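Below is one structure, written out as structure tokens; the observations come after it.
The structure displayed is predicted, hence computed values, not measured ones. Numbered from 1 within each chain, the chains take letters A, B, ... in sequence-line order.
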There are 2 protein chains.
Amino acid sequence: MQNQKNYLPLHRYAKQNMDIIKLTDRQLALIEKLGLIFENGLQPAAARIAALLLVSDKLELTFDEIREQLNLSKSATSNALNLLLSMDRIEYITKPGDRKRYFKSNLSDWKENMKVKFLEFDKVHKTMREVLDQRPHSTKEFNRGLEDFINFMEFMNREIPALFKKWELSKK
Amino acid sequence: MQNQKNYLPLHRYAKQNMDIIKLTDRQLALIEKLGLIFENGLQPAAARIAALLLVSDKLELTFDEIREQLNLSKSATSNALNLLLSMDRIEYITKPGDRKRYFKSNLSDWKENMKVKFLEFDKVHKTMREVLDQRPHSTKEFNRGLEDFINFMEFMNREIPALFKKWELSKK
DNA sequence: TATTTGGTTCTCTTATTGCAGAACCAAAAA
DNA sequence: TTTTTGGTTCTGCAATAAGAGAACCAAATA
């Protein structure tokens, strides 16, 4: 159980992994690029942290390593990390004899998140159906168009879980 | 061609469709609900206009009708309408002898928009692939997880167009 | 016991968004 | 020619977001 906090005297381990992580230009560029993508749904600081944890050679970074790499203040780092933790986009491990937390990207949960996102349609088409239900019969053509659109969303909602399954099967 | 501006003296047509549109409580509630959904990607005023144009009995509303129904200022109405127009989420028609524009929801384009949105994945997985390409071999397990995720996104990207086709076929 | 570490929380600034209200404008009508 | 209509554009304000910096804190170390 790595996550158990079982501290040993710090001096026995200190700086063990503290080679200053140095990013190549290519990596920096990728962080910017990914960061922009992630800003769809995340604040900039959090987006760049998420990107950093994918791009960096070293996968498990401490608070201060993240802070330094991205030139963030402590508060920004703290808030962004906690946000990402609460979204399950990252997680952390601890190491025996070391109080620091090592943050890493939570890849496995991403797929879950994606499923959830796909299925968010559900709310949309249900509300749209409500809209259709209260429309007057007189706007026939529009109603037909709307119904078509709703049916389409429902179709997607039915088929997408099947796609997930198909993917799982194709891997075996 | 309804869109041709062929003005006739206003008095011959004035107020023809100017029955004050009155929304039921149910409709107002639906506008709020849909409005919230649309706020994902739209400013509040624009979101509620988009909702109004789906919910209202009357489908083609003028600038002032929209403005009054939603209690917006002229500037907010103008800006929101132009935003929606530029996104192709609404369109307008004109009527002979009438300078006003009649705005309506552009349902057909919505499906297009949805396709585009689905295919936005493309950018994401391409960048992710770049990330994977520059990762050190040493983080084998992580790389495998990342690759799995990328493959999954590529799979989705391949399969979703097929789903669109399947839908089109199922309608015939 | 005093100090250091690994953060968290509070306060303040700055930048951005979203909108109201008024001024403005061109085309049409009077 | 003046007025009205159907908007657009400009100015300014209030609310919110994003993050810096400092104060703070509990657990671990010295």
Side-chain angles (χ1 to χ4, degrees), chain A residues 4-18 35-36 38-50 60-86 90 92-103, chain B residues 4-18 35-36 38-50 60-86 90 92-103:
Chain A
Q4 212 175 115
K5 297 194 185 182
N6 169 26
Y7 297 124
L8 297 187
L10 184 58
H11 64 273
R12 297 196 45 195
Y13 299 88
K15 313 281 181 194
Q16 58 180 352
N17 258 324
M18 263 315 225
L36 282 180
F38 292 161
E39 276 190 35
N40 237 160
L42 288 179
Q43 18 164 217
R48 278 183 301 149
I49 292 179
E60 296 160 3
L61 300 187
T62 66
F63 189 99
D64 268 321
E65 286 171 331
I66 291 168
R67 218 205 78 137
E68 270 163 39
Q69 276 305 319
L70 301 178
N71 260 297
L72 294 170
S73 68
K74 282 178 108 182
S75 60
T77 309
S78 175
N79 288 326
L81 284 173
N82 286 325
L83 175 66
L84 291 170
L85 284 170
S86 76
I90 62 171
Y92 65 86
I93 56 168
T94 54
K95 302 184 180 186
D98 191 345
R99 265 212 295 156
K100 290 192 279 301
R101 292 179 290 174
Y102 291 80
F103 297 94
Chain B
Q4 210 175 120
K5 297 194 184 183
N6 169 26
Y7 299 124
L8 296 187
L10 184 58
H11 65 274
R12 296 198 44 194
Y13 298 89
K15 312 284 181 192
Q16 59 180 352
N17 257 323
M18 262 316 228
L36 282 180
F38 291 160
E39 276 190 36
N40 237 163
L42 287 179
Q43 20 165 217
R48 279 182 300 149
I49 291 178
E60 296 160 3
L61 302 187
T62 66
F63 190 100
D64 268 322
E65 285 171 331
I66 291 168
R67 218 203 79 136
E68 271 163 39
Q69 274 306 318
L70 300 179
N71 260 297
L72 295 171
S73 69
K74 282 178 107 182
S75 60
T77 309
S78 175
N79 287 326
L81 283 174
N82 286 325
L83 175 66
L84 291 170
L85 284 170
S86 77
I90 62 172
Y92 65 85
I93 56 168
T94 53
K95 301 185 180 185
D98 190 345
R99 263 211 299 155
K100 290 192 279 298
R101 292 179 291 174
Y102 291 79
F103 297 94

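To the nearest angstrom, C1' of C/dC10 lies 15 Å from CG of A/N82. A straight line from CG of A/L81 to P of C/dG7 spans 9 Å, rounded to a whole angstrom. The CD atom of A/E65 sits 15 Å away from the P atom of C/dT5 (whole-angstrom rounding). When rounded to the nearest whole Å, the span between CD1 of B/I66 and C1' of D/dT8 equals 16 Å. Look at CD on A/E39: it is 17 Å from P on C/dA15, rounded to the nearest Å. If you measure from atom CG of B/D98 to atom P of C/dA27, you get 18 Å, rounded to the nearest angstrom. Whole-Å rounding puts the B/E68 CD to D/dG7 P distance at 13 Å. Here the C1' atom of nucleotide D/dT5 and the CG atom of B/D64 are 9 Å apart, to the nearest Å.
Contact annotation: the side chain of A/L61 never approaches that of A/I49 to less than 4.5 Å [non-hydrogen atoms, C-beta and beyond]. Between B/L42 and B/L84, the closest side-chain pair of non-hydrogen atoms falls below 4.5 Å.
Not a single donor-acceptor pair under 3.5 Å links the side chain of A/Q69 to the backbone N or O of A/I66. In this structure, the side chain of B/E68 does not engage the main chain of B/E65 through any donor-acceptor pair within 3.5 Å. Using modelled atom types, no side-chain atom of A/S78 and backbone atom of A/K74 make a donor-acceptor pair closer than 3.5 Å.
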Across nucleotides 18-23 of chain C, 5' to 3', mark each nucleotide with B, S or - according to how protein heavy atoms within less than 4.0 Å reach it. SSBB--
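Among the nucleotides C/dA28, C/dG6, C/dT8, the one closest to any side-chain atom of A/K100 is C/dG6.
A close approach under 4.0 Å does not occur between any side-chain nitrogen or oxygen of A/R101 and OP1 or OP2 of C/dG6.
Both tests hold for A/K95 against A/Y102: distance to the six-membered ring centre under 6.0 Å, angle to the ring axis within 45°.
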